[in-house]
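First comes the structure, then the notes that go with it.
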Amino acid sequence: MSRLDTKLAGRYMRSRRSSRMVSMITLIATGGVTVGVMALIVVMGVMNGLQTELREKILVATPHLRISTYGKGIRLDDWERVQDSVVGRPGIAAVAPFVLTQGLLTAGADYHEGAYVLGIESDTGAVATTGLASRFMDGDLNFETTLDVDGAIILGRRLGERLVAYPGDTIVVLSPMGAKFNPAIGSLAAKFWVFEVTGHFETGMFEYDNAYAVTSLETAQQFAQLGNAVSGLEVRLDDLWQARNIGQEIAVQLGYPIRVMDWQSQNAGLFQALELEKLAMGTVLLLIVIVAAFNIVSTLTMVVRDKTREIGILRAMGLPARIIRRAFILQGALIGVLGTSLGTVLGLLLARFVDSRRLIDLNPSVYFIDHLPVRVDPADLAIIVVASVLVATLATIYPARQAAILNPVDAIRYE
C-alpha cells in the first residue's frame with residue numbers, strides 16, 4: 001500500500017491548471033539532470049576510450065617489461081644469464097631478446113627516411129612477448145629472402161607508403177654503426193645495407209606504423225655492431241597490471257647496472273596527462289548536475305509557496321511534519337531518478353553511436369590514433385548515477401525543511 005508521503009509527492013508533481021509554471025520548472029530541472037548525466041557519461045567514456053585504445057596500441061609493440069642496462073652503450077652482453085634468471089619466475093609468461101637501433105632508409109636516390117630498426121627472434125611462436133606479429137599485413141617472422149641481399153625487413157605501413165617500398169622491393173639502410181674513414185673523401189663513410197622488403201605491419205599506432213622497421217635478431221645484431229650482445233630483453237606477464245611490482249622485484253634481484261622499465265613507466269607522461277584531463281573534465285561536467293540541483297531547489301521552493309494553504313490544512317488536521325518533509329524529499333529524489341535514468345539511457349546510446357560510427361576523426365600524428373573511441377566503464381557509470389541522484393536528493397533538504405516548519409494557522413491564512 002502506498003504511503004501518504006508518496007501520494008503527496010506524486011500529487012505535487014502532477015500538473016494542474018493553477019500550477020503549470022511549477023510543472024514546467026519541474027520539467028526543466030529534470031532536463032538539466034538528464035543533460036548533465038548524459039554529458040558525464042559520454043565524456044567519461046571518451047576519456048576511458050582514449051586510455052584503453054592507447055594502451056592497446058602501445059602494447060602491440062611495447063612489452064610489459066623491458067630489461068636493459070644503464071650506461072652510454074646500451075647493450076646487454078650476458079643476456080642469456082639474465083634471461084635464465086628471469087624465466088620461471090611467478091607471473092612471467094615469456095622472455096625474449098631484442099635489438100633496437102636506428103638507420104637511414106632510402107628506396108631511391110632522392111628520398112630518405114630515418115627509422116627505428118627493431119630486431120626480434122625469427123619465430124617466437126608461443127613465447128612472443130608482444131602482439132606485433134599478429135598485426136602483419138603481409139610477410140611473417142621467418143624473414144626469408146628471395147634476393148641476394150643482406151637481410152629481410154618488414155616496414156610499418158605508413159613508412160612503406162612514403163618510401164613506396166612493397167614486398168619484393170629492395171631498400172638501402174645506412175647504419176650509424178661501423179662507419180670507417182675513407183681517405184678518398186677525407187671523412188667517415190657509413191656502411192650501406194641492402195634489405196629486401198618482405199612485408200608490412202599496421203598496429204594502428206602512428207608512432208610504430210610511421211617509423212619502425214623490423215628484421216631478424218641476428219641481422220639487427222650485425223647491423224648495430226653488437227656481436228652476440230643485444231639491446232635488452234622483452235618480458236610478457238600473465239597480468240600486465242603487475243608490471244611495476246614484478247619489475248621492481250627483478251631489478252632488486254639482478255642489481256646494478258640492470259635497468260627494468262615497465263610499460264606504464266615508459267609512457268608515464270601520456271597516461272598521467274589523460275588521468276588529469278579525465279578528472280578535470282569530470283569535475284567541470286559535474287557542475288552541470290549541481291546547476292540542475294539548484295533548479296530542483298527553486299522548483300520545490302515554488303511548490304511550497306504554491307501549496308502553502310494546502311500544507312496548512314493538512315498540518316491542522318494532524319499530519320506530522322515529518323510526512324510533509326518526506327513528501328518533498330521524495331519529490332526531489334523522483335526528479336533526480338527520472339533525470340538520471342533518461343540521461344543514462346541517452347548517454348549510453350550516444351556513446352555507442354559515436355564509437356560505432358567513428359564520427360570524430362583525429363590526427364594520428366598528434367593523438368597517436370585516427371578516431372575518437374568511446375568506452376563506458378561500469379564503475380564510472382555507477383559513480384555518475386549515484387552522484388547525480390545523491391546531489392538531487394540533497395538539494396531537497398532546504399525546501400523540505402521550510403515546508404515542514406510552516407505554522408498551520410499562518411499557512412491557512414496565506415494568500
Side-chain angles (χ1 to χ4, degrees), residues 13 24-59 204 241 264 267 270-300 329-364 366-397:
M13 288 190 68
M24 179 60 67
I25 296 176
T26 300
L27 290 177
I28 293 173
T30 305
V33 176
T34 299
V35 172
V37 171
M38 182 177 66
L40 270 172
I41 289 174
V42 173
V43 171
M44 291 298 100
V46 167
M47 300 310 302
N48 287 326
L50 283 173
Q51 287 182 325
T52 302
E53 192 78 7
L54 285 174
R55 181 174 66 246
E56 291 176 354
K57 300 295 186 185
I58 287 171
L59 291 176
W241 299 109
Q264 291 168 300
N267 305 277
L270 177 61
F271 288 114
Q272 287 176 1
L274 288 173
E275 283 290 347
L276 181 60
E277 188 173 355
K278 178 181 177 180
L279 177 62
M281 293 297 293
T283 302
V284 170
L285 290 172
L286 184 60
L287 295 177
I288 298 178
V289 179
I290 295 176
V291 169
F294 280 105
N295 287 337
I296 295 174
V297 173
S298 62
T299 299
L300 295 184
I329 291 176
L330 282 174
Q331 184 178 353
L334 286 173
I335 294 174
V337 170
L338 181 59
T340 300
S341 300
L342 290 174
T344 300
V345 172
L346 294 176
L348 291 175
L349 290 175
L350 181 59
R352 183 179 179 83
F353 181 75
V354 172
D355 186 59
S356 61
R357 298 298 181 90
R358 298 192 172 190
L359 293 181
I360 304 176
D361 295 327
L362 300 178
N363 185 348
V366 177
Y367 298 99
F368 303 104
I369 53 180
D370 57 4
H371 72 284
L372 189 66
V374 184
R375 301 285 188 277
V376 178
D377 182 19
D380 285 343
L381 181 63
I383 292 174
I384 291 171
V385 169
V386 171
S388 61
V389 173
L390 182 62
V391 168
T393 304
L394 291 176
T396 65
I397 293 177

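On a predicted model such as this, the values are computed, not experimentally measured, just so you know.
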ask   = Rounded to the nearest 0.5 Å, how far apart are CG of Asn48 and CZ of Arg375?
value = 10.0 Å
task = Name all residues meeting the side-chain contact (heavy atoms from CB on, under 4.5 Å) criterion together with Leu348; count only those two or more places apart in sequence or in a different chain, and write none if there are none.
result = Ile41, Thr344, Val376, Leu381
remark   = side-chain contact (heavy atoms from CB on, under 4.5 Å) filter on Leu350, not counting sequence neighbours, yields Val42, Val354
task = List the steps, then state whether side-chain contact (heavy atoms from CB on, under 4.5 Å) holds for Met44 with Asp377.
result = CA-CA 8 Å; Met44 291 298 100; Asp377 182 19; over 6 Å; no
ask   = How many angstroms lie between CG in Leu40 and CD1 in Ile384, if you round to the nearest 0.5 Å?
value = 5.0 Å
Leu342, Val33, Val389, Val385 screened by side chain to side chain contact (heavy atoms under 4.5 Å, CB included) with Val337, the one that passes = Val389
request  = Would you mind listing every salt bridge (Lys or Arg N to Asp or Glu O under 4.0 Å) that reaches into residues 330-343, with sequence neighbours excluded?
outcome  = none
query = What pairs meet the salt bridge (Lys or Arg N to Asp or Glu O under 4.0 Å) rule with one or both residues in residues 379-394, with sequence neighbours excluded?
reply = Lys278-Asp380
task = Could you tell me which residues satisfy side-chain contact (heavy atoms from CB on, under 4.5 Å) with Ile383, sequence neighbours excluded, listed by chain and number?
result = none
note = Applying side chain to side chain donor-acceptor pair (under 3.5 Å) to Ser388 and not counting sequence neighbours gives Thr340
remark   = Here the pair of heavy atoms bringing Pro373 nearest to Gly49 is CG-O, 3.4 Å
